[in-house]
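A, B, ... follow the sequence lines: proteins, then strands. Residue 1 opens every chain. The shown structure was predicted, so the numbers you read here are calculated from the model rather than taken from an experiment.
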Amino acid sequence: MTKLMQWLLGASLLGTVWALVTFDLLELSLPRVYREIAWPMPLYLLVTFGCYSLATVGFRVATFNDCDEAARELQEQITEAKEDLRKKGLKL
Amino acid sequence: MASRKSSQPKRESRDKYSVLLPTYNERENLPLIVWLLLKYFGEGGYDYEIIIIDDGSPDGTLEVAEQLQKIYGKDKIVLRPREKKLGLGTAYIHGMKHATGNFIIIMDADLSHHPKFIPEFIEKQKEGGYDLVSGTRYQGNGGVYGWDLRRKLISRGANFLTQVLLRPGASDLTGSFRLYKKNVLESLVERCVSKGYVFQMEMIVRARQLNYTIGEVPISFVDRVYGESKLGGNEIVSFVRGLLTLFATT
Ligand SMILES: Nc1nc2c(ncn2[C@@H]2O[C@H](COP(=O)(O)OP(=O)(O)OP(=O)(O)O)[C@@H](O)[C@H]2O)c(=O)[nH]1
Ligand SMILES: [Mg+2]
């Protein structure tokens with residue numbers, strides 16, 4: 001099953017449950033509160049997921065390591081390598 | 001340095017590591033990356049070969065590669081040039097055909113991928129018997145150098161989106177510093193259809209699909225010092241297109 005299918009399957013399952021409760025399709029005569037809570041659920045979920053995404057990406061950007069030490073080490077090694085290669089007879 | 005022919009029996013194993021180095025206009029970087037590779041392979045006492053796949057670089061990269069082969073020997077430096085620029089994906093396939101190692105290491109020749117991590121890749125692989133080990137900029141001590149806020153944001157955002165949509169089981173999909181068992185790489189390459197940059201992403205996704213095990217090693221990615229970037233322009237467009245294709249087909 002492709003990832004797209006997995007998502008569609010998940011979405012339709014959730015959607016079905018949501019519709020069943022919100023519109024009381026099975027005529028279970030659920031208490032009114034259930035329907036009132038279920039009705040705006042998709043929006044809540046979307047907003048929650050949006051906030052989670054923004055927070056996660058923001059945090060990861062802020063904590064993305066700057067490898068200054070690695071860059072410095074590389075520079076030193078480049079100097080060393082050039083010298084050694086010249087001694088070994090490399091012509092550029 | 002231990003550049004003499006290693007005919008003495010290895011204590012531990014006879015694993016051999018073939019490094020594939022695709023180059024296009026890397027005249028300045030190539031000697032440096034080769035020097036560093038020799039340094040770390042030598043220090044670790046590993047059996048290895050470096051396969052340079054140059055695509056007819058106009059700057060004379062091949063000529064430099066030939067000089068390096070003279071200095072370090074034909075058993076260490078293997079040249080597999082091609083006439084013209086045929087792209088990165090096919091360069092790997094071409095290089096792999098000539099590889100004699102049972103493990104293959106793929107990396108860029110522009111010094112963004114530092115050979116000091118290779119011993120860590122190898123140890124990681126041995127530790128877990130992994131089918132492939134991928135370098136990651138996004139975990140542990142991994143990171144980048146020379147990136148501004150905008151680039152970090154795009155990178156992290158794209159990575160997050162990919163993780164959500166594909167759940168690939170690896171944290172760095174677009175990085176191309178990896179170690180593969182040779183047969184694993186062969187079977188992956190056979191199945192991968194993407195071109196260019198998305199290719200790296202597809203490799204990991206397919207690996208996951210085929211239930212290959214993936215190990216990860218944090219790496220520092222230092223932006224190229226010499227030479228020009230060959231990618232760019234509509235990188236984001238092709239990334240999104242590739243992501244959606246993988247989303248719909250894997
Ligand atoms: N043989 C071959 N090598 C290539 C080709 N295109 C790129 N390369 C090499 O592949 C590696 C990665 O290419 P880069 O240009 O560094 O791509 P990048 O790392 O995404 O971008 P920058 O680091 O920003 O330049 C380098 O070693 C290049 O020399 C190609 O068509 N043929
Ligand atoms: Mg690069």
Take atom [atom1] of [X] as the centre, draw a 6.0 Å sphere, and report whether it contains more than 12 heavy atoms from other residues, nucleotides or ligands.
X        : atom1 : answer
B:Asp59  : CG    : yes
B:Arg241 : CZ    : no
B:Tyr145 : OH    : no

Quiz item: Of all of A:Ala62, A:Gly58, A:Ala71, A:Gly89, which one pairs up most often with chain B through heavy atoms under 4.5 Å apart?
Solution: A:Ala71

Supply the atom-to-atom distance [X] [atom1] to [Y] [atom2], rounded to the nearest 0.5 angstrom.
X        : Y        : atom1 : atom2 : value
B:Asn159 : A:Thr56  : CG    : OG1   : 11.5 Å
A:Cys67  : B:Phe221 : SG    : CZ    : 11.0 Å
B:Leu38  : A:Asp84  : CG    : CG    : 10.0 Å
B:Leu111 : A:Leu74  : CG    : CG    : 5.5 Å
A:Lys3   : B:Leu243 : NZ    : CG    : 12.0 Å

Self-check item: Winner by heavy-atom pair count (cut-off under 4.5 Å) against chain A, out of B:Leu165, B:Leu153, B:Val64
Solution: B:Leu165

Quiz item: Taking B:Leu246, B:Thr250, B:Thr249, B:Asn141 one by one, which has the highest count of heavy-atom pairs under 4.5 Å against chain A?
Solution: B:Thr250

Exercise. If a pair satisfies salt bridge (Lys or Arg N to Asp or Glu O under 4.0 Å) and one of its residues is in residues 152-171 of chain B, list it, with sequence neighbours excluded.
Key: A:Asp66-B:Lys152

Any side-chain heavy-atom pair of [X] and [Y] under 4.5 Å:
X        : Y        : value
B:Val164 : A:Trp7   : yes
B:Val144 : A:Asn65  : no
A:Arg60  : B:Tyr138 : no

Quiz item: Under 3.5 Å, is there a donor-acceptor pair linking the side chains of B:His114 and A:Glu73?
Solution: no

Quiz item: With only heavy atoms counted, which part of A:Phe49 is less than 4.5 Å from chain B, the side chain, the backbone, both or neither?
Solution: side chain

Quiz prompt | Under 4.5 Å from a heavy atom of chain B, the part of A:Met1 involved | solution = backbone

Exercise. Give the ring-plane orientation class for A:Phe64 versus B:Trp147, where under 30° counts as parallel, over 60° as perpendicular and anything between as tilted.
Key: perpendicular

Quiz item: Closest heavy-atom contact between A:Thr2 and B:Ala248?
Solution: CG2-O, 3.4 Å

Self-check item: Full working for side-chain contact (heavy atoms from CB on, under 4.5 Å) between B:Leu68 and A:Leu85
Solution: CA-CA 9 Å; B:Leu68 289 165; A:Leu85 284 162; 4.1 Å; yes

Quiz item: What do the steps show when you test B:Leu149 against A:Val61 for side-chain contact (heavy atoms from CB on, under 4.5 Å), and what is the final call?
Solution: CA-CA 8 Å; B:Leu149 194 64; A:Val61 170; 3.8 Å; yes

Quiz item: Any donor-acceptor pair under 3.5 Å linking the side chain of A:Gln77 with the backbone of B:Leu36?
Solution: no

Quiz item: What residues of residues 17-33 of chain A sit under 4.5 Å from chain B when only non-hydrogen atoms are counted?
Solution: none

Practice problem: Evaluate the criterion side-chain contact (heavy atoms from CB on, under 4.5 Å) for residue pair B:Val225 and A:Gln75; output intermediate values, then yes/no. | Solution: CA-CA 9 Å; B:Val225 188; A:Gln75 279 308 326; 3.8 Å; yes

Quiz item: For B:Trp35 and A:Glu80, what are the C-alpha separation, side-chain angles and deciding distance, and is it a side-chain contact (heavy atoms from CB on, under 4.5 Å)?
Solution: CA-CA 10 Å; B:Trp35 188 86; A:Glu80 194 189 341; 3.7 Å; yes

Quiz item: Of the backbone (N, CA, C, O) and the side chain (C-beta and beyond), which part of B:Lys116 lies under 4.5 Å from a heavy atom of chain A, both, or neither?
Solution: side chain

